[in-house]
Amino acid sequence: MAVRAVLCVLLGLHCSVFCSPVPRVSVCGYESCPATKPKMLNVHLVPHTHDDVGWLKTVDQYYYGGRNDIQHAGVQYILDSVVAALQKDPARRFIYVETAFFYRWWKQQNPSTRRVVTQLVEQGRLEFINGGWCMSDEATTHYSAVIDQMTLGLRFLNDTFGECGRPRVAWHIDPFGHAREHASLFAQMGFDGFFFGRLDYQDKARRMKAREMEMVWRASQSLKPPAADLFTGVLPNGYNPPPGFCWDQSCSDAPVQDDPDLDDYNVDMLVATFLNIASAQAQVYKTNHIVMTMGSDFQYENANLWYKNMDKLIRYVNAQQANGSVVNVLYSTPSCYLQELHLANLTWPLKTDDFFPYADDAHDFWTGYFTSRPALKRYERLSNSLLQTCNQLEVLGGAKSRSGPFGEGHSDTMKRAMAVAQHHDAVSGTERQHVAYDYAKRLATGWAHCQVLVRNSLAVLSGSDVPRVFCENLNISVCPLTEGSKKFSMNVYNPLARVVTWSVRLPVNGTSYSVTDSNGKEMDSQVIPVSKATQDLRRDRGYAKYELVFEVQAPPMGYTTYSVTLLKAHPARAPTTPKAPASMQNKYLKVTFDPATGLLSGLTNLETQQSIQLTQNFYWYNASGGDAESRQASGAYIFRPNSSTPISINQNPNISTLQNSVVQEVRQQFSPWVSQVVRLYNGSRELELEWTVGPVPVADGLGKEVITRLDSNISSAGYFYTDSNGREVMERRKDYRPTWDLKQTEPIAGNYYPINSRAFIKDGRNQMTVVTDRSQGVSSIYNGSLEIMLHRRLLHDDVRGVEEPLSEPGEFADGLVVRGRLLVMLTPPETAADMHRPLAQGMVLQPMLSFQEGALPRNAKLEFSGLQAALPPAVHLLTVSQWSNDSVLLRLEHQYESSESKTYSLPVTVNLQKLFSTLEIVGVSEMSLGANQWKEDMKRLQWKPSTGDDMKPVGGGLGDPTPWEITLQPMEIRTFLLRVQRR
Ligand SMILES: *[C@@H]1O[C@H](CO)[C@@H](O)[C@H](O)[C@H]1NC(C)=O
Ligand SMILES: *[C@@H]1O[C@H](CO)[C@@H](O)[C@H](O)[C@H]1NC(C)=O
Ligand SMILES: [Zn+2]
């Protein structure tokens, strides 16, 4: 303090904040919490605002308060107003949650405002809670992107405010159901507790009765407790104030009118009402502390209204203590409330399942958004893949990757766009159409900036600055370079830490090509005709007649190069035949078809000699528009079919077949708007189902929710399995919830669950696993059956605020067409994970292709790996990202659960010094998962569950042989900051 005072004098600064007469000490965190009264019921008022990072308006419109005709909301005014109101009284508190907004605001503040805000933060009066860039959706996000978005927000807070900016509490007051993996990630990020607002209404009723609104969530079946234990609290009233006490400018409750001489004096009435509400609430919670959320969506634009009335409420309610009242009201924060719960030293019920699906009434299941906006969901997933590649190439290419032969490139735009896209109205698909376009536009700008970086980096690594193009429309067979070129090369960059084999299909117009790998070895390649379905889908965006198909293999965290040359020869090609083969097979898999219909009829794993009957088809549920039982319609959030029997589209699709040495395809056209390719590559152990759905016709006045259903003879007995945010697997059971007696009121929608990467069914002998390319809704309604919702087009709004029917126009305004892939495999249950884990990671982090016209320079480096060797199969390279000029953030993940694989569910050790081929590691510090705390400083509050294992705290890093050799336990993620030098 003395030093600072002198500095102020020397610099002649006007700094009343810095040079205040009282010594300025930072007492943020739990020490800054207000005093409470141990013998009373303490009511913690938590002033807060819920600021969606895009929903009815774009994130920037919300920030500035633009387009107030759509919704009155302006976050910049909220922060201006709250900072002024907090300065007026040191007792006042506020929490802020969404760093995407705070970052925008902070950039624009002058030094004196920044000093004021810093002081408020350092005194715990303004507290950051959650602290990610956004409040992520929990059903449709993948853990890799969730960790990234939290890291981005938490890093800004630490860089700006240091330790006082570190949130203690995770706060997901609005997401529509809660994933166990999110809780696990929050625990690993060092959060002491977690609060949310929404849970199933039946669950809530039971918890209120049993006083189980607060619990310990054991969020991992693999990590040793308490590593993934998270204290979790259900808020009493969603995230709203109690009825009658909303004093925002957007509310119409009466203010505290406290002059007895004036009309409408209401203090006695308000105090009495408040005391009633408080004592009713205390009945359903366990301690003499309760919490009230004083705020809601975009509130506090005029903070004075809230604070002036809450000041009075506190004064008048507490004045009653003189008359014997035992209620004590105070300004507080979620962490201060949490601290009191911790001091209560109680045991708490243990929760081990999750909070899906979420229903807020008997016919109101929020299970539609698992699939809503399937194209945005896929684009978000692809963008994650590109971002990880971009991050890796930024590290591998060094400074020249950001400023090199192709200009200035960087990963920041993509990091922010991806972080915004994790918001619970972004990838969830529950935003307005114009906002969905805005999310996609941000991602597209991110791609452009990353692509410059990638071009620069690959130029450095390969020694060739021949211009490089990316073909983003390969899924509809469009790529101008390959279509027109007589000679080109293709770079395949693989972001995974193991060798990857992949099949590519490139649009071409020649009939015969020579394809050679980086050693000049000729590859087996085939030219096949572009399907009618693809031609219809791409319309006039491309004209390729053929696809060139071949298998590629790329080194770990590196690239290889293939050269393609047009040949003059016109080889005889096997024609397509207009009926299904009896079967197609390679050395791993045999797929049989019903000769009468051309539909799948069976699957055999030739390695394990196991076989199942398997049929597959497409159906649609007729979306309810509301009926006599309930007015609830299907919409962006809610799934509500008007019948439990879906409508079959066609039992006899048009069929064409082709078979060659590289690929075998059965092309099925079910209707003008549904088609599929059943595809078996020569080298693959899984069957690919490439589906194309849309434009979904709605001229008949019926909204449609399109599913594909796989029906097998597996005796699944009502059980099925879904992943949680792409990581651990959850067991599901039809018409059943593990923690309460379910009264099932929607036999279809009430059995849907989110998947991010996979689902499976099994019996003692067979497991059928389906790996998906984006987040979707899934269920198993019949024994042996698995259904996946692919696309939805609806005619009604579902009355959850979005006020738009979910009917995406698509590029040609006649309805969105979506194409995607499912990978199906059949294995014994014991070895299924050995296959679906790497396959799913490969679907998430897929190779990036780039193309160069003509021949490459003779000295170009055709193959490169950033690793000295592939990592062990159990280890996933989750993050490699430049942190500062000489440091790199590294995350290594054990990608198996503790008991799912005989081969891989074992601890595995990696030597960091032997990791990279071009970087030498000169220093290592371990961090929390969110990278905002050193691991050694991470000390979380410990909580006692009423049942469950003994709670001996265990650190990460158990049993590292040396500081350089780190051991990963099943499902463990370890985060390191590496200081590096180029070799
Ligand atoms: C907390 O409760 C346990 C019994 O469950 C008791 O042994 C312990 O002393 C208590 N701790 C404090 C700080 O009161
Ligand atoms: C947090 O930020 C401070 C500077 O504000 C820095 O010194 C510290 O290393 C950061 N902590 C972590 C874990 O990055
Ligand atoms: Zn929200």
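Whatever order the structure lists them in is the order used to number ligands and atoms, beginning at 1. Since this is a predicted model, take the numbers as computed values, not measurements. Heads up: numbering here begins at 1 and tracks the sequence.
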Considering only the protein, which heavy-atom contact is closest to [atom], and what is its distance?
atom: atom 3 (C) of ligand 2; answer: N158 ND2, 3.7 Å
atom: atom 9 (O) of ligand 2; answer: W934 CZ2, 3.7 Å
atom: atom 11 (N) of ligand 1; answer: N345 ND2, 2.7 Å

For the atoms NE2 of H50 and NE2 of H424, give the angle they form at the Zn ion (ligand 3), rounded to 10 degrees.
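Computed angle, vertex at the Zn ion (ligand 3), rounded to 10 degrees: 100°.
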By atom name, which N, O or S atom of D174 is the nearest to the Zn ion (ligand 3)?
OD2
Which single N/O/S atom of D52 lies at minimum distance from the Zn ion (ligand 3)?
OD1
Is the closest protein non-hydrogen atom to atom 7 (O) of ligand 1 under 4.0 Å?
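Neighbour list for atom 7 (O) of ligand 1 is empty of protein heavy atoms (cut-off 4.0 Å).
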Any non-hydrogen protein atom less than 4.0 Å away from atom 14 (O) of ligand 2:
yes
Test ring-ring contact (aromatic ring centres under 6.0 Å, His included) on F639 and F370 and set out the steps.
CA-CA 9 Å; F639 170 35; F370 301 161; 9.4 Å; no
Give the numbers and elements of all ligand 2 atoms closer than 4.0 Å to a heavy atom of [X].
X: M927; answer: 13 (C), 14 (O)
X: N932; answer: 13 (C)
X: Q933; answer: 13 (C)

How are the rings of [X] and [Y] set to each other: parallel, tilted or perpendicular (split at 30° and 60°)?
X: F186; Y: F191; answer: perpendicular
X: W366; Y: Y358; answer: tilted
X: F156; Y: W133; answer: perpendicular

Within the structure provided, determine whether M938 and E936 are in side-chain contact (heavy-atom separation under 4.5 Å).
no
Any side-chain heavy-atom pair of E926 and R974 under 4.5 Å:
yes
Name the residue from H182, H178, E138 that meets the side-chain hydrogen bond (donor to acceptor under 3.5 Å, both in side chains) definition with H172.
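Checked H182, H178, E138 against H172; only one passes side-chain hydrogen bond (donor to acceptor under 3.5 Å, both in side chains): E138.
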Under a 4.0 angstrom heavy-atom cut-off, which atoms of ligand 1 come close to K944?
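Heavy-atom distances to K944 below 4.0 Å select 1 (C), 2 (O), 3 (C), 5 (O).
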If you draw a 6.0 Å radius around CD in E31, do more than 12 non-hydrogen atoms from other residues or ligands fall strictly inside?
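Incorrect, the count does not exceed 12.
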